[in-house]
Asks: 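I have a structure here, written as structure tokens, and I will follow up with some questions on it.
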Amino acid sequence: FEDNFHIQQYLMGALTGVGLGPEEFIEAQRLARGIPDADQSCLAGAARSRVISHREWLLLNNRREANRYVWREFFQNWDVLLCPTYATVAFSHDDRPIEARSHCVDGQQQEYFQPMFWASLATASYLPATVFPAGSSEHGLPIGLQVVGAQYRDHLTIQAAKLMARCAGHEISLPPF
């Protein structure tokens, strides 16, 4: 699953590079070239992803497509996947620069975007995911879980999330669709 996060980070990061003006893009390329190869941090990946070549994008997209086949096989045997939404409970808004932010997960500091790993399970492969409230932390902050389903099975993830939320004591009313 770690590959999903890398693929998601780079393909989404490439989208942010599209909005750069010519001078900004040149500066982003200079910044990315200055990052040591050994630096595999989320911030380094974000900087590199903004300026990847079309060839690199296509290679990443091929990996995404291979992962989609793995998920297709998985959902031949399972209706849904239940997993965290994020690696932490809800947290207070942080106005500091992104590079100064972090999260404490199981007593370890992680880069700000590292917990996005969980969202990448679904989004990197175009899978539907529905988030629902599963409870509250000891400090009263919401804990969310997500139900991931096979491609085009959105209705199943929505229904499963609704049922699981009800079991957790949270009633969810959804508009008809």
Side-chain angles (χ1 to χ4, degrees), residues 1-16 40-46 49 60 63-177:
F1 291 131
E2 187 66 31
D3 196 41
N4 268 345
F5 179 65
H6 176 79
I7 291 167
Q8 175 73 4
Q9 180 186 29
Y10 272 72
L11 292 178
M12 291 300 291
L15 285 176
T16 67
Q40 296 300 307
S41 66
C42 291
L43 286 173
S49 68
L60 286 164
R63 287 169 48 196
R64 172 188 13 216
E65 292 302 318
N67 283 347
R68 292 178 70 199
Y69 281 101
V70 172
W71 281 116
R72 190 171 297 138
E73 287 296 315
F74 176 86
F75 287 116
Q76 294 295 317
N77 299 307
W78 300 95
D79 294 322
V80 295
L81 170 70
L82 179 64
C83 59
T85 303
Y86 205 72
T88 66
V89 298
F91 51 89
S92 299
H93 183 70
D94 189 343
D95 286 327
R96 293 178 299 161
I98 294 290
E99 59 275 4
R101 301 178 198 176
S102 66
H103 292 291
C104 186
V105 179
D106 294 331
Q108 302 280 326
Q109 289 298 315
Q110 289 188 356
E111 288 183 86
Y112 190 69
F113 288 114
Q114 184 63 36
M116 292 297 293
F117 163 85
W118 292 106
S120 73
L121 288 179
T123 56
S125 297
Y126 304 126
L127 299 175
T130 304
V131 175
F132 67 94
S136 298
S137 72
E138 60 191 33
H139 302 294
L141 296 171
I143 298 172
L145 292 176
Q146 66 179 329
V147 179
V148 180
Q151 190 169 10
Y152 308 119
R153 301 294 307 269
D154 306 61
H155 64 284
L156 182 59
T157 66
I158 292 167
Q159 187 62 32
K162 189 174 181 179
L163 292 171
M164 286 187 235
R166 185 179 302 144
C167 288
H170 302 280
E171 202 60 43
I172 299 176
S173 61
L174 300 171
F177 56 93

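Residue numbers count from 1 along this sequence. Source: prediction; values computed, not measured.
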Asks: Is there a side-chain contact between His155 and Arg153 (heavy atoms, below 4.5 Å)?
Replies: yes
Asks: Do any N or O atoms from the side chain of Arg101 and from the backbone of Arg96 form a donor-acceptor pair under 3.5 angstrom?
Replies: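 Yes: the side chain of Arg101 pairs with the backbone of Arg96.
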Asks: When Phe132 is tested against each of Leu163, Thr157, Leu145 for side-chain contact (heavy atoms from CB on, under 4.5 Å), which residue passes?
Replies: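 So the option named by the test is Leu145.
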Asks: What is the minimum heavy-atom distance between Pro133 and Ala168, and which atoms define it?
Replies: O-CB, 4.2 Å
Asks: With no hydrogens and no angle check, is any side-chain donor or acceptor of Gln146 less than 3.5 Å from a backbone partner on Trp118?
Replies: yes
Asks: Counting only heavy atoms not in Gln109, do more than 12 sit closer than 6.0 Å to its CD atom?
Replies: yes
Asks: Could you give the distance from CG (Asp79) to CD (Gln159), rounded to the nearest 0.5 Å?
Replies: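 That separation rounds to 12.5 Å.
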Asks: Between Asn4, Ile7, Val148, which is the residue that forms a side-chain contact (heavy atoms from CB on, under 4.5 Å) with Ser125?
Replies: Asn4
Asks: Closest approach of Arg63 and His6, non-hydrogen atoms and distance?
Replies: NH2-CD2, 3.4 Å
Asks: Would Arg64 and Tyr126 count as a side chain to side chain contact (heavy atoms under 4.5 Å, CB included) if you check the C-alpha gap in whole Å, the side-chain angles of each, and the deciding distance to 0.1 Å?
Replies: CA-CA 9 Å; Arg64 172 188 13 216; Tyr126 304 126; 3.1 Å; yes
Asks: For residues Cys42 and Gln9, determine if any side-chain heavy atom of one lies less than 4.5 Å from a side-chain heavy atom of the other.
Replies: yes
Asks: Under a 4.5 Å cut-off applied to non-hydrogen side-chain atoms, are Arg72 and Tyr69 in contact?
Replies: yes
Asks: Pick out which of Phe74, Phe75, Tyr152 makes a side-chain contact (heavy atoms from CB on, under 4.5 Å) with Leu127.
Replies: Phe75
